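Input: a single structure, listed below in structure tokens.
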Amino acid sequence: MTAQSPAQPDLTAVVDLARHAPSVHNSQPWQFTVAPGVLTLRRDEARKLPVLDPDSRQVTISCGAALHLARLGLRAQGLDPAPEVVRADSHGIEVRIAASPGAAPMESELEMVAAARERHMQRGRFE
């Protein structure tokens, strides 16, 4: 990811990184929307797996993983993410993420970005 002007975070790059988050059966049960300077993550009810995950616990964990990578994507641009939980209940998840100028990303953060991009499914047997 390249550094952007603090007034113009590259939210497309942030979402591109977040899509690499692990999710229940790789369902990616989230949606991102972009408004000027604000990224919003919502649970995608159409991707819920009611038989496998009737209480939406795994969906919630999946959305948390996507949120983590979105925040990491902003840090990679030298921005400090400020997530605000708008809703987190049985009817949905909605988190708005704004960003402000921050310190340059740490090497460990950039290493996590690279690792997230290399993540892949392993469907083979484990020993």
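A quick note: this is a predicted structure, and the numbers were derived from the prediction, not measured.
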Could I get the full list of side-chain contact (heavy atoms from CB on, under 4.5 Å) partners for [X], not counting sequence neighbours?
{"X": "D55", "result": "none"}
{"X": "T40", "result": "T33, V38, R42, E94, R96"}
{"X": "V95", "result": "L67, P83, V85, I93, I97"}
{"X": "A21", "result": "W30, A65, A66, L69"}

Qualifying residues under salt bridge (charged side-chain N to carboxylate O under 4.0 Å, His left out), relative to E45, sequence neighbours excluded: R43
Please name the pair of heavy atoms, one in [X] and one in [Y], separated by the smallest distance, quoted to 0.1 Å.
{"X": "A70", "Y": "L39", "answer": "CB-CD2, 4.2 Å"}
{"X": "R87", "Y": "G92", "answer": "CG-O, 3.4 Å"}
{"X": "A13", "Y": "R117", "answer": "O-NH2, 4.2 Å"}
{"X": "S62", "Y": "S23", "answer": "OG-CA, 3.2 Å"}
{"X": "A99", "Y": "L79", "answer": "CB-CB, 4.0 Å"}
{"X": "G73", "Y": "V14", "answer": "C-CG2, 3.9 Å"}

D44: partners by side chain to side chain donor-acceptor pair (under 3.5 Å), with sequence neighbours left out: R47
Listed partners of S27 passing side chain to side chain donor-acceptor pair (under 3.5 Å), at least two apart: none
Distance (rounded to the nearest 0.5 Å) between Q58 CD and C63 SG: 12.0 Å
Value rounded to 0.5 Å, distance of OG1 in T12 from CG in L17: 12.5 Å
Residue pairs fulfilling salt bridge (charged side-chain N to carboxylate O under 4.0 Å, His left out) with at least one residue in residues 56-79, sequence neighbours excluded: R75-D80, R75-E109
Residue pairs fulfilling salt bridge (charged side-chain N to carboxylate O under 4.0 Å, His left out) with at least one residue in residues 19-29, sequence neighbours excluded: D16-R19
Hydrophobic cluster identity match, V34 and L41, side-chain contacts under 4.5 Å: yes
Hydrophobic cluster (4.5 angstrom, side-chain heavy atoms) - remaining members for V24: L49, L52, V59
